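Here the structure is laid out as structure tokens; the discussion comes afterwards.
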2 protein chains.
Amino acid sequence: MTSDGRSLRGDATRVLVLDTALEMFAEHGYRATSVRDIAARCGMTHPGLLYHFPSKAALLMAALQRRDDVDCVDGEVRELGFNRLDARAVLRHLITSAKNNAGKRGLVELFANLSVEATAPDHPAHDYFVERYATLRATVTRSLTDLGREGALRPGVVPGIAAAQVIAVMDGLQVQWLLDPQGIDMAAALEGLVNGMLIEPL
Amino acid sequence: MTSDGRSLRGDATRVLVLDTALEMFAEHGYRATSVRDIAARCGMTHPGLLYHFPSKAALLMAALQRRDDVDCVDGEVRELGFNRLDARAVLRHLITSAKNNAGKRGLVELFANLSVEATAPDHPAHDYFVERYATLRATVTRSLTDLGREGALRPGVVPGIAAAQVIAVMDGLQVQWLLDPQGIDMAAALEGLVNGMLIEPL
DNA sequence: GTCTATATCAGGATAGAC
DNA sequence: GTCTATCCTGATATAGAC
């Protein structure tokens with residue numbers, strides 16, 4: 001038994017289920033993936049799976065959480081935490097993410113779909129995404145505010161609005177890229193936008 | 001009978017179904033609206049409805065087409081057609097649309113959800129959206145190119161990339177707005193972005 | 001605590017009667 | 001052109017074996 005009362009075997013199953021679920025959600029989308037499919041690939045039946053997670057929605061949330069925990073990106077971010085990076089590093093990191101995403105269509109699809117689905121107030125991931133966006137926007141706003149204090153911002157750039165624009169471009173470019181992967185360079189377009197807000201490019 | 005072989009009564013039913021469907025899709029989303037629900041509100045059964053449209057997906061496509069036909073926005077656009085407006089009018093129109101959208105949450109939700117769903121190559125609306133985005137981007141690119149020729153563009157603004165950014169911001173802001181309608185002014189943020197690309201504001 | 005078996009319900013789609 | 005009946009698949013809940 002672990003300290004929180006779950007058996008070791010149960011935990012191993014949970015982890016297997018979470019990783020399998022994220023993989024399949026990324027591959028086929030949340031809605032197109034049934035609990036039965038996930039359970040089958042884990043070598044169990046779907047009620048067996050639902051013992052560990054009360055619902056498909058709960059499974060989704062747990063998988064997202066796990067991704068946040070495990071996938072904590074490389075380099076500076078892992079050590080410091082994204083929201084404690086210095087202003088330019090935050091912006092650079094967003095661009096790096098965009099670059100990395102171009103290799104993982106499934107995950108881009110998953111998050112693009114989810115962030116829109118989760119827009120519905122009664123969606124299981126609604127609070128997660130509200131929180132996620134609020135935090136992200138606060139971090140970017142702070143970065144831009146810092147840069148503004150240094151006099152590094154172009155005149156007319158308002159940190160709060162610019163932050164929303166940067167995040168919006170990240171999301172919106174994903175849709176265009178998913179529709180036509182050859183038609184666009186997400187990282188370049190994002191970098192162009194950010195540099196357009198700065199006096200000196202990053 | 002009409003020239004294409006459908007009875008007049010049948011056409012009336014089709015139109016009723018299309019309008020009802022668009023309304024309900026906009027209200028509750030595509031996936032959360034069942035064919036049975038739509039049929040019921042039309043006073044028929046769902047196989048009855050499916051006589052007119054072979055599948056739910058086909059119904060969706062027909063409803064989108066109808067919206068494009070009927071809803072042809074007001075003013076200049078209706079007369080000229082969006083892609084024949086002059087450069088500044090195109091950009092102004094995008095901002096006006098963003099402003100109008102803030103009053104129609106349901107439709108914003110529908111299109112936000114659909115454009116992401118339709119990202120999947122096998123989605124019934126895939127081709128519709130690929131086409132839609134390609135056209136929109138071409139129009140915006142052309143507008144910015146025109147402005148560039150007039151010397152109205154800030155140095156460093158590349159029309160093709162800037163067009164992708166503008167469209168991406170429109171889409172991305174919708175997500176943020178849907179998640180937190182109070183937190184953002186879509187039209188203002190879009191206008192800010194566009195003006196940041198121009199030497200003289202619109 | 002972990003899982004199987006089983007039951008129930010809802011949505012999309014089709015066949016065939018009227 | 002519309003309805004009744006039916007099939008299939010997926011989501012969810014519960015009983016109970018181990």
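Bear in mind the structure is a predicted one, so any value in this text is a computation, not a measurement. So that the names make sense, note that chain A is the first sequence line, chain B the second, and so on, each numbered from 1.
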**Asked** Taking CZ from B:Arg31 and P from C:dG11, how many angstroms apart are they, rounded to a whole number?
**Response** 15 Å
**Request:** Grab the CG-P distance between B:Leu50 and D:dT6 for me, whole Å please.
**Result:** 19 Å
**Prompt:** Could you state the CG-C1' distance from A:Leu16 to C:dT2, rounded to the nearest angstrom?
**Reply:** 14 Å
**Asked** Looking at A:Ser34, does any N or O in its side chain come under 4.0 Å of the phosphate oxygens OP1/OP2 on D:dT9?
**Response** no
**Asked** With distance as the sole test, does B:Asn195 use its side chain to make a donor-acceptor pair with the main-chain N or O of B:Leu202 at under 3.5 Å?
**Response** yes
**Asked** In whole angstroms, how far is the P atom of D:dT12 from the CZ atom of A:Phe53?
**Response** 14 Å
**Request:** Find the distance B:Lys56:NZ to D:dG10:C1' and express it as a whole number of Å.
**Result:** 14 Å
**Any side-chain donor near an acceptor of the partner, A:Ser34 and A:Asp37, under 3.5 Å** = yes
**Complete:** Taking C:dG12, D:dG10, C:dC3 as options, the one with an atom nearest any side-chain atom of A:Arg36 is D:dG10
**Asked** Side chain of B:Lys56, backbone of B:Tyr30: donor and acceptor closer than 3.5 Å?
**Response** yes
**Asked** Counting N and O atoms only, with roles assigned by atom type, does the side chain of B:Gln176 sit under 3.5 Å from a partner on the main chain of A:Ala164, one being a donor and the other an acceptor?
**Response** yes
**Asked** For A:Ser55, which contact category applies under a 4.0 Å heavy-atom criterion: base, sugar-phosphate, or nothing?
**Response** nothing
**Item:** Phosphate OP1/OP2 of C:dC3: any A:His52 side-chain N/O under 4.0 Å
**Value:** yes
**Asked** Out of C:dT6, C:dA13, D:dG10, which nucleotide sits closest to the side chain of A:Pro47?
**Response** C:dT6
**Asked** Are any side-chain N or O atoms of A:Lys104 and backbone N or O atoms of A:Glu109, one a donor and one an acceptor, separated by less than 3.5 Å?
**Response** no
**Atom pair distance, as rounded to whole Å: CG in A:Leu49 and C1' in D:dA13** = 15 Å
**Request:** Please report, rounded to the nearest Å, how far the P atom of C:dG11 is from the CG atom of B:Leu60.
**Result:** 18 Å
**Asked** Which sits closer to the 5' end of DNA chain C, A:Tyr51 or A:His46, going by the nucleotide each is nearest to?
**Response** A:Tyr51
**Request:** Whole angstrom is fine here: how far is it from CG in A:Leu59 over to P in D:dG10?
**Result:** 16 Å
**Request:** Identify whether any heavy atom of B:Thr45 sits under 4.0 Å from a base atom; if not, whether one sits that close to sugar-phosphate; answer base, sugar-phosphate or nothing.
**Result:** base
